[in-house]
Protein chains: 2
Amino acid sequence: MRGYGQFCPVAQALEVIGERWTLLVVRELLCGSTRFGELVRGVPLMSRSVLADRLRGLESAGIIERKARSSGRGQSYELTQAGRELGPIVEGCGVWGQRWARRKLSVEQLDAGLLMWDIRRSLNHEALPKTPTLIEFRLRGAGRGQSRYWLRIEPQEIDLCLTHPGFEVDLTVRASLRELTKVWLGDIPLTHTLRDGSVELDGPQRLRRAFPKWLKLSGFAKVERP
Amino acid sequence: MRGYGQFCPVAQALEVIGERWTLLVVRELLCGSTRFGELVRGVPLMSRSVLADRLRGLESAGIIERKARSSGRGQSYELTQAGRELGPIVEGCGVWGQRWARRKLSVEQLDAGLLMWDIRRSLNHEALPKTPTLIEFRLRGAGRGQSRYWLRIEPQEIDLCLTHPGFEVDLTVRASLRELTKVWLGDIPLTHTLRDGSVELDGPQRLRRAFPKWLKLSGFAKVERP
DNA sequence: CAGTATCCGATGCGATACTG
DNA sequence: CAGTATCGCATCGGATACTG
């Protein structure tokens, strides 16, 4: 039996959004992802077939619409009004999770690619350097092939690169993946890690000074802990 | 693989509360149920073994505490602070469900026992008669053995009876299960159904007049529809 | 790249029976 | 009443391969 067989609106909502993975897909869409590949990247452990299945479910529930993309192949997935109104629920889950579900940050939870993607997504554009700048991240304790990332900052574009783009690095950020994740989540203040050296910056003072300005943390970093 | 393997607080919350049935159990607890049997009644299609399993999960997640009950056997399940803070999420699901997930009210969703239990639970105590009163509900279209209920109203106690308590009925409420459910959910105004006769009251004018006062509807009945 | 189709193993969960 | 133990099937979902 699929559903809950209840007329209660809570049960009816959960029949639609309560399935495994579904709300994480919605979270990705709320964060701005629109393409299949972006969703795969944002929810790495979900298989593509399950993602396709969930997208069908979300569409038939009226939460997303597929639209043909003007450029390139494939579709664009966009939240409908019903989908956007799931925002407060996702937000509520995040706040609750930050307060009550963060007992341990296990090794399996750490994911350099995800962290860098989050960082890239939420950069404070106003504070970024106005001239082309290359920033390298070196992460200790990340899996093989996951320890180096480059943020290529151009006036109108920001790229996260997995291979060295070729030109000169202006600022290097060194940290353990675990520490940087904790900073991102608001568990440790960035200023603290800069002072004790667990996050090191290497480059001209101008960029070192600006770094804390353009690195925005997780939207839940400031949630008050119990 | 059990979890989502992500450090994102949303994912971490969903690892705990995202499992099938779990949030419905929390909803019941938020509504005031504390005993195993009450939970079984509130979530009828969930098997007892799964309920026991979910209760273990909720306990180890710090969302509920089991306490020995002073009177009688068995335990009492009570929400912790973490559990009570799930209120906004459950509420959010209900609101969203009321707005977007109520396409059809299928026959399987109708459940006279659940509806009567909800009605009993949310009666407006102030407006109830101060003298002992017996109210009979006769529901058309309910399954066998589900078509008659009695609310026994005493100054300090309200009982929902499945068999006639033996003494005289003061007010009879006749309606189809579907109509009464729609009224409960806010889909039709009660006044409307009283006027067109789809909900009939039989008894002294005093009680007929008071009926709409003490019948409180679902907490989501007044949610604005899109 | 953006998915779809198929397969098969794990497990979730409902049914039933049992206990104090 | 308040659960627990066991079993067996359905389905979920991950892996792999395939298509336009």
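What you see is a predicted model; the values in this text were computed from it and never measured. Proteins get letters first, then strands, A, B, ... in listed order; numbering begins at 1 in each. We use all heavy atoms of the structure for the numbers below, so side chains are in, but hydrogens, waters and symmetry mates are not.
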Watson-Crick/G-U partner (both atom distances under 3.5 Å) of C:dC1:
D:dG20

Among C:dG14, D:dT4, C:dG3, the one nearest A:F36 by side-chain distance
C:dG3

For C:dC8, what is the paired nucleotide under Watson-Crick or G-U wobble rules, both distances under 3.5 Å?
D:dG13

What is the distance, to the nearest angstrom, from the CG atom on B:D53 to the C1' atom on D:dT6?
14 Å

Provide, to the nearest angstrom, the distance between the CD atom belonging to B:E19 and the P atom belonging to C:dT11.
13 Å

B:W100 side chain reached by A:I17 side chain, heavy atoms, under 4.5 Å:
no

May I have the distance from B:K67 (atom NZ) to D:dA2 (atom C1'), rounded to whole angstrom?
19 Å

Out of D:dA2, C:dA2, C:dT4, which nucleotide sits closest to the side chain of A:R35?
C:dA2

When you match B:S49 and B:E38 each to their closest nucleotide on DNA chain D, which lands nearer the 5' end?
B:E38

Give the rounded distance in Å between these two atoms: CZ of A:R20 and P of D:dC12.
13 Å

Reckon A:Y4 has a side-chain N or O less than 4.0 Å from the OP1 or OP2 of C:dC13?
no

Nearest whole angstrom, please: distance from the C1' of C:dC1 to the CZ of A:R69.
10 Å

Are the side chains of A:H164 and A:L134 in contact, using a 4.5 Å heavy-atom criterion?
yes

Rounded to whole Å, please give me the gap between CG in A:L51 and P in C:dA2.
12 Å

Side-chain touch B:M46/B:L24, heavy atoms, less than 4.5 angstrom
no

A:M46 atom CE is separated from D:dG14 atom C1', nearest whole Å, by 12 Å

From CZ of B:R48 over to C1' of C:dG12, roughly how many Å is that when rounded to an integer?
19 Å

Nearest-nucleotide pick for B:V50, side chain only, options being C:dG14, C:dC1, C:dG3
C:dG14

Which nucleotide in the set D:dT4, D:dG13, C:dG3 lies at the smallest distance from any side-chain heavy atom of A:R54?
D:dG13

Heavy-atom side-chain proximity of A:E85 to B:V95 below 4.5 angstrom
no

Test side-chain contact (heavy atoms from CB on, under 4.5 Å) applied to B:E154 - qualifying residues, sequence neighbours left out
B:P132, B:R152, B:E157

